[in-house]
Visitor: 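Questions regarding the structure given below will be posed in turn.
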Amino acid sequence: SSDVSFLGDSTRIRLNEVKQLMEIIDKTASQNGAKPTKKMNMTSTNTCFLRGKVGLKIPTTTPTGRKRDIGRLKWSSAITYLPKASKKRRVD
């Protein structure tokens, strides 16, 4: 994250959110037989994403009943469905 330190604190928070999304996708894809690698072509990337997106736990229908395509969501929208991190109490 040192490469984005000049952008300010809010950027670092967003970067951490994207990392969290990718960790969920990567972990789920690995469990489903599509382990991500350092260099991937378009086909293996799509396969990895398709097998990993089920780990995001995003509803497939909108509140109004329309069908939602999870693959077309912006990352900023997908973040709203991430589990909230539990806040640790400070011990003095």
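Note that the structure is predicted; figures quoted are calculated from it, not measured. The chain is numbered in sequence order, starting from 1.
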Visitor: Is any side-chain heavy atom of Ser44 closer than 4.5 Å to one of Lys39?
Guide: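 Not touching, per the 4.5 Å side-chain cut-off.
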Visitor: Rounded to the nearest 0.5 Å, how far does CZ of Arg68 lie from OG1 of Thr61?
Guide: 7.0 Å
Visitor: Closest heavy-atom contact between Arg51 and Ala34?
Guide: CD-CB, 3.6 Å
Visitor: Would you please say whether a donor-acceptor pair under 3.5 Å links the side chains of Asn46 and Thr43?
Guide: no
Visitor: Hey, could you give me the NZ/CG distance between Lys53 and Asn32, rounded to the nearest 0.5 Å?
Guide: 12.5 Å
Visitor: Mind checking the CD-CD spacing from Gln20 to Glu17? Nearest 0.5 Å is all I need.
Guide: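 Answer rounded to 0.5 Å: 7.5 Å.
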Visitor: Considering non-hydrogen atoms only, spot the tightest contact between Cys48 and Ala29 and give its length.
Guide: O-CB, 3.3 Å
Visitor: Show the nearest heavy-atom pair for residues Ala78 and Ile58, with the distance to one decimal.
Guide: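 What the structure gives for the nearest pair is CB-CD1, 4.0 Å.
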Visitor: Drop me the distance from Asn16's CG to Ile79's CD1, to the nearest 0.5 angstrom.
Guide: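 Those atoms lie 10.0 Å apart.
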Visitor: With side-chain contact (heavy atoms from CB on, under 4.5 Å) as the test, pick out the partner of Val54 among Thr28, Ile70, Ile25.
Guide: Thr28
Visitor: Taking a hydrophobic cluster as the set of Ile, Leu, Val, Met, Phe, Trp and Tyr residues connected by side-chain heavy atoms closer than 4.5 Å, whether directly or through intermediates, do Phe49 and Met40 fall within one such cluster?
Guide: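 Hydrophobic grouping puts Phe49 apart from Met40.
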Visitor: Closest heavy-atom contact between Trp75 and Val18?
Guide: CE3-CG2, 3.5 Å
